[in-house]
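Below is one structure, written out as structure tokens; comments come after it.
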Amino acid sequence: MTDSTSEQTSHGTSGAGDTATPHRYTAELANQIEDAWQERWETEGTFHSANPAGPWAEPDDPRLERGHVMVMDMFPYPSGAGLHVGHPLGFIATDVFSRYQRTTGRNVLHTMGFDAFGLPAEQYAVQTGQHPRTTTEANMVTYRRQLRSLGMGHEQRRSIETIDPAFYRWTQWIFLQIFNSWYDEAAVRADGQLGAARPISELVAQFESGERQTPTGQPWSQLSPTERAGVLAEHRLAYVSSAPVNWCPGLGTVLSNEEVTNEGKSERGDFPVFKRNLSQWKMRITAYADRLIDDLDRLDWPEKIKIQQRNWIGRSHGANVSFPVVGHDESITVFTTRPDTIFGTTFMVLAPEHPLLEHIVPESHRGDVAAYRRSASTKSDLERQADTKAKTGVFTGAHAINPATGEAIQVWVADYVLMGYGTGAIMAVPGQDDRDWAFATAYDLPIVRTVQPTEGHPEDQAFTGEGPAINSANEEIDLNGLPVDEAKARIIDWLADRGLGEGTITYRLRDWLFSRQRYWGEPFPIVWDEDGVAHALPDDQLPLTLPDVPDYSPRTFDPQDADSMPEAPLARATEWVHVELDLGDGPKRYRRDTNTMPNWAGSCWYHLRYQDPENTKLPVDPGVEAYWTGPREQPVAGAPEGSRDPGGVDLYIGGAEHAVLHLLYSRFWHKALFDLGYVSSEEPFRRLINQGMVEAYVYRDHRGQPVPATEVEESIEETGEPTYTWNGQPVTKEHGKMGKSLKNVVTPDEMRAQYGSDTFRVYEMSMGPLEQYRPWETRAVVGSQRFLQRLWRNVIDEETGEVTVTDDALDEATARFLARTADGVKTDFEHLRVNTAVAKMIEFNNHLTKLDRVPRAAVEPLIQMVAPVAPHLGEELWSRLGHAESLAYEPFPQADPALLVEDTVTCVVQIKGKVRDRLEVAPDISEDDLRELALGSERIRELIGDGELRTVIVRAPKLVNIVPA
């Protein structure tokens, strides 16, 4: 956007070609400097880190003895549009942190890869006819160029991409370790707790020895191979199951719950999603539910992310209760967290997907129930649970018996009950639940209160709080008057004694749907024999690579065609699908799996491959993993007392939108690998920070349509208020995201051309705290440029290009200012407060500009402090000051503690709480001396005169409060 009030000389190209200042730090000069240093860093391998073992072992590197730190960003998907200025925010922050850590002597691992499988590339391939790999690799070239131009100190040797067969060979290998494992609840982990993944061979040994009985009681030796496979499938951590899934006809694939929006649409493409029963690969993530919740306490993560994961897993303590169905041999089992309210159950509700509906609905009600179930299949789980949604349902015609009252109650079907939580059925207690109250009111169903409401509670509302039980007794048990916990314990025991229920724990978390009917993803390393038994490919047949197919898209259907069935693109590669293999018992015919893994597979473990990317024997050498991400001696701050540190990546930065997707999935994979002995760390990411989003102003015309932000002109009215016009017509201004459709995209390439990459980096880091959202304002970038230009002038004469610093000793004021700045910037870098670090450096640089001559002893430490944020300028000035080596590893400036001690502090003198004077006093002044000094102040004597004093409060050395009588 243009600004008619700004200085035209403030643009990044100002001074270029100015014969009076041919050596001014302009965008043109900045670009030259940046190109040169990027080339040198790459040629010299400046950012290479050392490994203690494995193919890259450098055991003699002295950095291995000085500590280490692994820093990561959530790696990007390389879209064709390239980066806009919002994308590098987190990348620059991790680069600043990594560069600072190198100056402390640590061995730093910081690199960048690409999450390159997935739907966008496949959709583009469908449109253009190009292979997805072609477009994806071209996009990665653009991303790498842009990241390099921004001065990222990534170690390129370690960069990976999920579409590289050398990488996804290990993704497939890890899948097979999970497939060939089961969760043994009796296994003892390193921390003494029970439950861990174990090789499936150990389970087979238990069946063979008779230690564990088969489901039918038959000896293992008498089961056929197909029967044995079926038994093992019930235990495997990766298995195929027919269950309700999210089927998206418009995309031709199934989706996980996390990939469906609140409106029941696909996250990508916004197509309708339906519930269908289909056979799909699943991961038994539910086996790890307790560990995934409990271990959050040991991580240094934002509390909001921990809360999201806890809520998504949804652990609830309660009871399973059986309600016999009238006229049938079957019962409806419900899970409830409030079994103490069972006497208030006046009706029951089943989820539309509940299998009992196929059996208990009489003929007279089947039409209504079927129509309702079909309607419910078009809605997402989140939409069905929305509190603002009017409750809908249909009476099934069936009745069940309340085991506490003996009464027959109606059974309904309603979409506010989910099959994915508990048992897919609820005992409705409208007196104690808002949703049940709304439903009972809408359909005129009975309401019985079983908890005494507090005084004044509205009669027309459910009471959801705690209180003594009421209306809760029969001939065998009386809960009346009991508090909630005691009532729950007593009713659970009563139900259990009569075989009507039992205390239990349930979870909202469902097993992870792991199949996609797509082309551009990792093929499953599984083949199926003629009996439908799954077999793992041996290691020597990995990677299983994708075949070429004539059409990359799955068969799609009318978006509303809920009865359609998936047809994956790989099914068209018939010669690839149907193969003859020798898996150890002679050549046989097999059928490959035609699904592919979801795009989350590679990101579940890529942090491990960064550590050891050339290893051909394992995903990561155990010694390398233990070095980079093994448990630390001290747990994170706030961890439960006595807890074991989980290890993991030292710093991970990325978006909060992946709280229950990537972050949850990767924790599951990592824990499975830990159980199986492949890693020493229990968690993938020890510390997590979610960076904020860079927003951009959106300008709209009278139709509400976005107009190009760069073409909008701003004017200041006489009132001081700004107005905005485009092509002479008024437009409105609002905050929004940055995107092509909003016509407000600004790219790093544009910023580099106009200002230089270092100026762009300084501006992004100075916009505010890393975690906060911040609006992009191109005009404000000039402030960061002026800071770097002033620093340049403090070292380089703009007319001659000569170095102008002196070897003069520092005066005391400058020495103290430098010490405070170095100490403050060091602390800010350690805590990723880069915005305040930049402010401190600007303040000190401004101090140097006021000196007649700038001392080397002052400006060199400042250059070292600036270098993590503006690395090219830092290196250039360091070089021009006579240093032959890069300052990438130059020790960070250390503040002299003696110079941090203040000679004086300011004492505020108040009278009756109002500030009346300020005194400069010694930091160690006594209370008596400070009282005498304050009362002797000429200003204070004038105000209090000879009047008596009630008291004088002294808080040496900073406060005296005088209270007259």
Side-chain angles (χ1 to χ4, degrees), residues 12 15-16 21-48 92 95-96 98-105 108 148-156 752 755-762 784-808 818 821-822 825 829 838 841-842 844-845 848-849 853-894:
T21 56
H23 298 280
R24 188 180 186 191
Y25 183 73
T26 63
E28 181 181 1
L29 179 57
N31 287 176
Q32 294 172 4
I33 291 170
E34 288 159 5
D35 287 341
W37 280 102
Q38 289 158 17
E39 183 65 30
R40 177 171 169 179
W41 291 332
E42 187 171 324
T43 300
E44 296 181 356
T46 301
F47 306 117
H48 289 181
I92 296 172
D95 190 57
V96 171
S98 298
R99 288 176 179 274
Y100 164 73
Q101 290 293 331
R102 290 188 190 96
T103 68
T104 67
V108 177
R148 184 180 190 271
S149 73
L150 293 177
M152 296 297 169
H154 296 144
E155 181 177 355
Q156 294 301 329
R752 183 170 191 253
Y755 295 101
S757 290
D758 278 344
T759 293
F760 170 68
R761 288 170 60 109
V762 171
S784 298
Q785 184 190 43
R786 285 172 178 158
F787 161 49
L788 298 185
Q789 287 176 330
R790 292 188 186 106
L791 176 58
W792 177 268
R793 284 196 297 270
N794 279 334
V795 179
I796 305 295
D797 186 296
E798 290 186 334
E799 296 180 13
T800 65
E802 295 178 355
V803 172
T804 60
V805 301
T806 73
D807 292 325
D808 297 347
L818 173 60
T821 303
V825 171
F829 279 163
V838 170
M841 292 185 285
I842 290 174
F844 182 61
N845 188 60
L848 296 185
T849 63
R853 294 153 60 89
V854 177
R856 176 186 292 268
V859 79
E860 283 196 349
L862 176 59
I863 291 168
Q864 291 178 260
M865 288 184 263
V866 169
V869 191
H872 312 89
L873 179 65
E875 291 274 28
E876 183 69 14
L877 292 177
W878 189 251
S879 175
R880 294 199 184 201
L881 284 167
H883 301 281
E885 299 298 323
S886 164
L887 57 59
Y889 293 92
E890 193 70 22
F892 198 81
Q894 298 299 307

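Keep in mind that the numbers below use all heavy atoms, side chains included, and drop hydrogens, waters and symmetry copies. Here, residue 1 is the first one in the sequence, and each next residue gets the next number.
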* **Minimum side-chain heavy-atom gap Met841-Leu862 below 4.5 Å** => yes

* Structure fact -> Correct closest heavy-atom pair for Leu818 and Ala857 would be CD2-O, 3.6 Å

* To do: Give, for atom CG of Asp35 and atom CD of Gln32, the distance between the pair rounded to the nearest 0.5 Å.
  => 8.5 Å

* Val854 vs Val795, side chain to side chain contact (heavy atoms under 4.5 Å, CB included): CA-CA, chis, key distance, verdict -> CA-CA 8 Å; Val854 177; Val795 179; over 6 Å; no

* Taking all non-hydrogen atoms of both residues, which atom of Ala867 and which atom of Gly874 are closest, and how far apart? -> CB-CA, 4.3 Å

* To do: Applying side chain to side chain contact (heavy atoms under 4.5 Å, CB included), run through Thr46 and Arg40 and close with a yes or a no.
  => CA-CA 8 Å; Thr46 301; Arg40 177 171 169 179; 5.6 Å; no

* Asked: Has the side chain of Thr26 got a donor or acceptor atom that lies under 3.5 Å from a matching backbone atom of Leu29?
  -> yes

* Would you mind telling me which of Glu39, Gln156, His154 makes a side-chain hydrogen bond (donor to acceptor under 3.5 Å, both in side chains) with Arg148? => Glu39

* To do: Verify, without hydrogens or angle tests, whether Gln789 (side chain) and Arg24 (backbone) share a donor-acceptor contact under 3.5 angstrom.
  => no

* Asked: Can you tell me if Ser757 and Arg752 form a side-chain donor-acceptor pair at under 3.5 Å?
  -> yes

* Asked: About how many Å separate OG1 of Thr804 and CG of Asn794, when rounded to the nearest 0.5 Å?
  -> 7.5 Å

* Asked: For Ala27 and Gly756, which heavy atoms make the closest approach, and how far apart are they?
  -> CB-N, 4.2 Å

* Asked: If you look at every heavy atom in Pro868 and Val96, which pair is closest and at what distance?
  -> O-CG2, 3.4 Å

* To do: For side chain to side chain contact (heavy atoms under 4.5 Å, CB included), just list the numbers for Asp758 and Leu788, CA-CA rounded to whole Å, side-chain angles, deciding distance to a tenth of an Å, and then say yes or no.
  => CA-CA 8 Å; Asp758 278 344; Leu788 298 185; 3.8 Å; yes

* Structure fact -> Hits for side-chain contact (heavy atoms from CB on, under 4.5 Å) against Thr103, two or more places apart or cross-chain, chain-then-number order -> Tyr100, Phe892

* Take Leu791 and Tyr25 through the test side chain to side chain contact (heavy atoms under 4.5 Å, CB included) and record every step on the way to the result. => CA-CA 9 Å; Leu791 176 58; Tyr25 183 73; over 6 Å; no

* Minimum heavy-atom distance Thr800-Asp797, with the two atoms named -> N-OD1, 3.0 Å

* Asked: Is a salt bridge present between Asp95 and Arg761, judged by a nitrogen-to-oxygen distance below 4.0 Å?
  -> yes

* Asked: Rounded to the nearest 0.5 Å, what separation is found between the CD atom of Gln38 and the CD1 atom of Ile33?
  -> 11.5 Å

* **Leu881 and Glu860, any side-chain heavy atoms less than 4.5 Å apart** => yes

* **Arg99 charged N/C atom sitting above Trp41 aromatic ring, 6.0 Å / 45°** => yes

* Any idea which heavy atoms bring Ala858 and Pro861 closest together, and the distance? -> O-CD, 3.4 Å

* To do: Please determine, by modelled atom types, if Glu798 and Trp792 share a side-chain donor-acceptor pair under 3.5 angstrom.
  => no

* Asked: Can you tell if the side chain of Thr806 reaches within under 4.5 Å of the side chain of Arg856, non-hydrogen atoms only?
  -> no

* Asked: Is the shortest heavy-atom distance from the side chain of Arg102 to the side chain of Phe47 under 4.5 Å?
  -> yes

* Structure fact -> Tested for side-chain hydrogen bond (donor to acceptor under 3.5 Å, both in side chains) against Trp37, the lone hit among Glu42, Glu875, Glu876, His872 is Glu876

* Asked: Can you name the residues that form a side-chain contact (heavy atoms from CB on, under 4.5 Å) with Gln864, not counting sequence neighbours?
  -> Trp878, Glu890, Pro893

* To do: Indicate whether any N or O donor in one side chain lies under 3.5 Å from an N or O acceptor in the other, for His23 and Glu802.
  => no

* Asked: So, do Glu34 and Leu873 sit near enough that their side-chain heavy atoms are less than 4.5 Å apart?
  -> no

* Do Val762 and Tyr755 touch side chain to side chain, with heavy atoms closer than 4.5 Å? -> no

* With the side chain counted from C-beta on, respond yes when Leu877 and Val803 share a heavy-atom pair under 4.5 Å apart, and no when they do not. => no

* Got Val866 and Phe787 here, is their nearest side-chain heavy-atom distance under 4.5 Å? -> yes

